Structures are given as C-alpha cells and as structure tokens.
Amino acid sequence: SQQGEEDPQALSIQEGENATMNCSYKTSINNLQWYRQNSGRGLVHLILIRSNEREKHSGRLRVTLDTSKKSSSLLITASRAADTASYFCATDEPNKIIFGKGTRLHILP
Amino acid sequence: SAVISQKPSRDICQRGTSLTIQCQVDSQVTMMFWYRQQPGQSLTLIATANQGSEATYESGFVIDKFPISRPNLTFSTLTVSNMSPEDSSIYLCSVEKGFGYTFGSGTRLTVV
C-alpha cells in the first residue's frame, strides 16, 4: 500500500526558480525520506527527516515536516537542468519504507 | 552507504518465460528489498529477503510468481516467472544503510 501522496504530480519551472513539492501521509511515522529518480533508473537518497525535527537543509534542498498535519515539503532552490527528475517521499513502517506516487519535475532552460 | 550491482540492466523477454535478476551488495546486510515500478508509477514493495529464511511477500505478490533467493548476506535474486506483458516494469533491489536506503540501478523488463 502507498502511504505518501505527492503534490503536484508534475511541475515545470524555469531554470533558476525554486521548486516546491509536497507530501502527505496517513499514519504516524518515525521518519520521512525524499528520493530522486532520473529517467527511470535507480533512486538516490536525498534527505531524511525524523519525526522530532521540523526542518532540515542539505545544500540547495530544504525539507520541512509537520507531523500535526502529516505533511512534508521539499524545496529545491535555484533549480538547474540536472534537477529534472522524479521526486518521491517515503515513510517508514516496521522493517520497510513505503513510497508515495511522486512528483515529476521538469526544469525548462 | 552501500554500493549495489544489479543486472541485467534491461531485457526483452517472450511471454511465458522467466527472468532472474541479481543484486550484489558490497557489504553484508540483513535485509534486502525488491520493488516493482510499473510505467509512470511509483515503487511498490514486492518482498523483503532475509538470509536464511523465506522472503516476506507483500499483499498481491506470491512466491510462485516472484521466487526470491538469499544465499548469503551480500547477494539476492528475484525471478519473474511465467511472464506476461503486464510484468513489463522496472525492478529494483534496495538495502538499508545508514540514514537511508540504497538502490540498485534497476532492471527494465519488457515482455512481448
């Protein structure tokens, strides 16, 4: 079963702009992770935020978590062509993680 | 983080045949995970493979269709049996390492 629901499903922005993707989930979590997938290949782990954290940064990435609303957001600042990919949130369950449906991000030159 | 070697990277198979996908990890891991990603969709967990015991399958997936081997702590195989065009997907293996999961590069399977 899928726990996370990303919003929007697809997003196109101009290079240099910021991109924001949202993820909502249904049950309590210990942590939430974001992954990137380029052209249907393997996923790359971007960032993990724990349930007791509200915000986390990694380079041009900023992740927020609101456990009261059961939602998270991923912000990519100063987007680049190389950021074109699908982005997935994933929530933890005992001994596994469950992925959301993903957001397809397209950076326009 | 771990490094996973997954092969084949892609294959085109006839319906009714079987394909075995291999994943080799560069370090020992307790659990390995197998996912399916249908065209344009997200990842769905097929099963969790533990060394020395039978794999644990998720709802909708059965051992007869997706037999899994886990002979040691660095290797696992997933077989897609008696394939039909509906099995055309990307199949990925994954392990948990550190603060996230590491994925193989995926096997793009097309069944004709």
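Naming: A, B, ... by sequence-line order, numbering from 1 per chain. Owing to the predicted nature of the structure, the values given are computational and were not obtained by experimental measurement.
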Inset, instruction - Group every Ile, Leu, Val, Met, Phe, Trp and Tyr by side-chain heavy-atom contacts under 4.5 Å, then state whether A:L43 and B:I4 land in the same group. - result: no
Inset, instruction - First locate atom CG of B:L43, then atom NZ of A:K101, and finally report the distance between them rounded to the nearest 0.5 Å. - result: 14.0 Å
Legend entry - Contact residues of residues 48-65 of chain A (partner chain B; heavy-atom separation under 4.5 angstrom): A:L48, A:R50
Legend entry - From CA spacing to verdict: side chain to side chain contact (heavy atoms under 4.5 Å, CB included), A:K96, B:E58: CA-CA 11 Å; A:K96 61 186 176 184; B:E58 297 296 305; 2.7 Å; yes
Inset, instruction - Decide whether B:I90 and B:L19 are clustered together by the hydrophobic rule: side chain heavy atoms of Ile, Leu, Val, Met, Phe, Trp, Tyr closer than 4.5 Å, transitively. - result: no
Legend entry - Region of A:L46 in contact with chain B, defined by heavy-atom distances below 4.5 Å: neither
Legend entry - Within residues 21-35 of chain B, residues adjacent to chain A where the heavy-atom gap is under 4.5 Å: B:M31, B:F33, B:Y35
Legend entry - Connected via hydrophobic side-chain network under 4.5 Å: B:I63 and B:L78: yes
Inset, instruction - Report, as yes or no, whether the 6.0 Å neighbourhood of atom CD on A:Q9 holds more than 12 heavy atoms from other residues, nucleotides or ligands. - result: no
Legend entry - Rounded distance [0.5 Å steps], CD1 in A:I97 versus OG in B:S94: 6.0 Å
Inset, instruction - Find out if a path of hydrophobic residues (ILVMFWY) with successive side-chain heavy-atom gaps under 4.5 Å connects B:I46 to B:F75. - result: no
Legend entry - Interatomic distance, B:Q37 atom CD to A:S86 atom OG [nearest 0.5 angstrom]: 7.5 Å
Inset, instruction - Check whether more than 12 heavy atoms from other residues, nucleotides or ligands sit under 6.0 Å from atom CG of A:L108, and answer yes or no. - result: yes
Inset, instruction - Using atom types as modelled and distance alone, determine if a side-chain donor or acceptor of B:S42 lies under 3.5 Å from a backbone N or O of A:G100. - result: yes
Legend entry - hydrophobic_cluster_shared for B:I68 and B:L45, side chain cutoff 4.5 Å: no
Inset, instruction - Would you check if B:Y101 and A:Q33 make a side-chain contact, meaning some heavy-atom pair closer than 4.5 Å? - result: yes
Inset, instruction - Give, for atom NE2 of A:H45 and atom CD of B:E96, the distance between the pair rounded to the nearest 0.5 Å. - result: 9.5 Å
